[in-house]
Amino acid sequence: MSTTRRPLPVWADIVLLPLINIALAFIVVGIIVAIIGVNPVEALRLLVAGAVGSPDAIAYTLYYATNFIFTGLAVSVAFHAGLFNIGGEGQAYIGGLGCGLAILAFDRFLPAWLLIPVAIVAAALFGAAWAAVPAWLQAWHGSHIVITTIMFNFVASALMVYLLVNVLIAPGSMTPQSRPFAASAALPVLMGSTLNLSIALALACCIGVWVFLWHTSWGYALRTMGHSPSAAIYAGTNLKRMTMLAMCLSGALAGLVAVNELLGVQHRVLLDFQAGYGFAGIAVALMGRNHPLGVVLAALLFGALQQGGAELSFDLPGINREMVVVIQGLVILFSGALEHLPRPWLQTLLSRRA
Amino acid sequence: MQVLTSDSSIERSSIDLAIELRSIDKSFGSVHAVRDVSMRIEAGRVTGIVGENGAGKSTLMSILYGLYRADAGEILVGGAAMQMDSPRDAIAHGIGMVHQHFMLIDSFTVLENLVLGAEGGALLANGLAAARAELGRLSREYGLTVDPDALVADLSVGEQQRVEILKVLFRGARILILDEPSAVLTPQEADQLFRILATLKAHGVTVVLITHKLREIMAATDAVYVMRQGEIVAGRATSDTNPEELAELMVGRKVLTHLDKAPPRRGEVVLRAEHLSLVDARGVRLLEDIGLELRAGEIVGIAGVSGNGQTELLQVLAGIRAPTGGRLEVCGRTIDAEHPVDPAEMRELGLAHVPEDRLRQGMVADFRASETSILGYHEDEPFSNHWLLDGPAVGKHCTELMQRFDVRPRAPGLHSASFSGGNQQKLVLAREMDQAPKVLLVGQPTRGVDIGAIEFIHRELVKSRDAGCAVLVVSVELEEILSLADRILVMFAGRIVGDVDAAAANERQLGLMMAGAQAT
């Protein structure tokens, strides 16, 4: 008769299972790569070398990971409140608007030590505000937050195109970009490349989120709402206000992508600087089990794929940018949607050995 | 394990066996839910299975119905060994199950519900016509009358249960398993159900009745098996046993069915409701003209068939929902539609609430026990200093509660869902009583709780009363209300239809009031 399956030990759930998922994803990637006529072993070697093979590569990987940490945390915080925030993309974009407006308004008067914090706060506030509208619609009018946050991505995109083409565009320029920020608005660069001090901010946010969710009474109430809304009502939590709080925090975290991109790298407001990070944040959160530490690990993996993939498409003519997207997609598929596929097998294996 | 004790008078030879279970064994992880159970269910008779919650009754029946697969053992239907891989197999072998929670679609008619899953072809009309004829035959034969064209939503609970039974018979079942069928019925409706079972038996249908109510076993069964901790501890012919013996077998020791308590020493009124009403957004009147007074030092019991407004009354009294009419006074604060209150403020006033729905309201299943032990008090000293939670203080608090209320296992780090029903309830009760409230609202104090814990919980509630707390108990278990309460209110269709002194109350009189027949 059937073997008794025990639940997985924690280490297997957190470490082993994700590794197996990633391995499965890479096996499928290898098959596809072989089909289009590229040696999969060579491709893997180039991918790994491109991601972590040199200090430069590592710096790029960390720079990408910074964005993924912000959006992954954003999705996680909302998720713990039982809310599915699909709007990280739009919130990051509008965060960039807030960040940019603050710099463009003040970079001639304020010293760097004041200007940069103001810009960071502006990015967070604008991101939060962009998330607050769908939150308000759900809390008071019952519109589903998944639908509204998706729509707000499009609204954000249209708004930014309009503003950059008609309002913020540098005088005399043909490209829809703002004027460059003053040098005082640049974040210090690390390891001589695009990596900048934002990564410290991202890690601080991880600690902040961890303390907030598990060690404050508000975080307790937020998780109660996420696990059981009726228990939260019973406990006396105002669900409307808690929905607003969770989504504003989530939006603020997403908005901080702008700090890395605009203050750290681009030094101007431009189109689509946030492209893809908001959506990838969902996969990062999923893979990181909505825990800040897991989010950091997943963000590192996604950063490595982004950077290694870019190198790969540069080195191998058979593989283009789209192929890199396929690789990322498969990793998301196996570690997200098919996450539990190897679980029964692993359970049987481990309980047989135990 | 010896299945049938030698003094049993269940005849083993002369009657055909409908089902025989041989050495069935089932574990879930480290929990050994069913241990080496063998059981003989005779054709054309009513066999009862009693046991406390968690004794393994439902698991055993789920194995028989193909919902779970046994780790070991054999199932014989009509003498032949069968493999039950899914309910489909069970149905094919003539086994049907009536679940405690009805599986009916409210917006469909009786007939449409009947054919669900057995529509008989792509075009519904043929299937419906055939089903109508078959339903007519079943109704006549078994005396199960229902209007085939009535919407299920318009039927009473008793009638809905009849539809469930018809559904099972319609699929050709000759062996009927009923899981706690009377949980949602009034005593009168339950009596009707047992008459139906008797008719079914007279027509040769085999019935398996799972229950924890000994009264029903005595009234309706021919033979009874007692389960405790996954094992069969006794098999008896019903005529050879009595409720006291069965209760003792279920618990494994002598049970005090009588609760010793002194007469109440009533103090001042701490909660008063006047003309309280509640109308929901669709205009449905859930509560109408409720008036009640609760005094310090007494236990008031609210009896009623589930779904007659008790849930809503508790919600209003606890501040979860605001009344739409009338007023409520709690510890000096007046609450009405214009001046609502939230549960947090109620707690500050000195009102504690043990909710009916323990799993979804009273605790968070995925939280650790220590986290559950501060639900509702998570912003109070010493657990929180306004911002940060004090983890060690919360853990210490939980350990203390667990010791005082004998919650097992004593593991504040364990997930709340991992505790048994009785231990979960003790934890919630401990949390609420720890605040020394002036008013204690308790919904279904012992739902899903084993007999040992019931005794404990009842004694704690009386202790709390004697310490001057005003206790309001809502329960669908009439016996519980009768043994706990000093005063009994009966609810029917959102109103309070009876107010009797517990000493003068009897089950029959209360039952009539619960069914809406005015008796006072």
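As the structure is a computational prediction, the values presented were derived from the model and not from experiment. Here is the naming used below: chain letters follow the sequence lines, and residue numbers restart at 1 for every chain. For the numbers below, each heavy atom of this structure counts, side chains included, while hydrogens, waters and symmetry mates do not.
Residue B:Tyr377 places its OH atom among more than 12 non-hydrogen atoms of other residues, nucleotides or ligands, all under 6.0 Å distant. In this structure, B:Arg368 places its CZ atom where only 12 or fewer heavy-atom neighbours from other residues, nucleotides or ligands lie under 6.0 Å away.
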Going by atom type alone, with no hydrogens or angles, which donor-acceptor pairs under 3.5 Å involve a side-chain atom of residues 199-218 of chain A and a protein atom two or more places apart or on another chain?
unit_1	atom_1	unit_2	atom_2	d
A:Thr216	OG1	A:Phe212	O	2.6
A:Thr216	OG1	A:Gly219	N	2.9

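Each of B:Pro355, B:Gly391, B:Gly319, B:Ser384 has some count of heavy-atom pairs under 4.5 Å with chain A, and the biggest count is that of B:Pro355. Per-residue heavy-atom pair counts under 4.5 Å with chain A were compared for B:Met346, B:Glu371, B:Glu345, and the maximum is reached by B:Glu371.
Every side-chain contact (heavy atoms from CB on, under 4.5 Å) that B:Arg321 has, sequence neighbours left out, goes to B:Leu278, B:Asp280, B:Leu286, B:Glu312, B:Gln315, B:Val316.
The aromatic rings of B:Phe367 and A:Tyr220 are tilted relative to each other, their planes meeting at an angle between 30° and 60°.
Looking at heavy atoms from C-beta onward, A:Thr224 lies in side-chain contact with B:Leu375 at the 4.5 angstrom threshold.
Residues of residues 132-144 of chain A lying within less than 4.5 angstrom of chain B, judged on heavy atoms, are absent. Inspection of non-hydrogen atoms places B:Arg431, B:Glu432 of residues 430-442 of chain B under 4.5 Å from chain A.
Side chain of A:Ser228 to backbone of B:Val364: no donor-acceptor contact under 3.5 angstrom is found.
Considering every non-hydrogen atom in both B:Arg360 and A:Ser230, the closest pair reads O-OG, 2.9 Å. Of all non-hydrogen atoms in B:Arg347 and A:Gly236, the two that sit nearest each other are NH1-N, 4.2 Å.
Here A:Ile233 contributes atom CD1 and B:Asp342 contributes atom CG; the two are 11.5 Å apart, rounded to the nearest 0.5 Å.
For the pair B:Arg358 and A:Tyr234, the cation-pi test (distance below 6.0 Å, angle within 45°) is failed.
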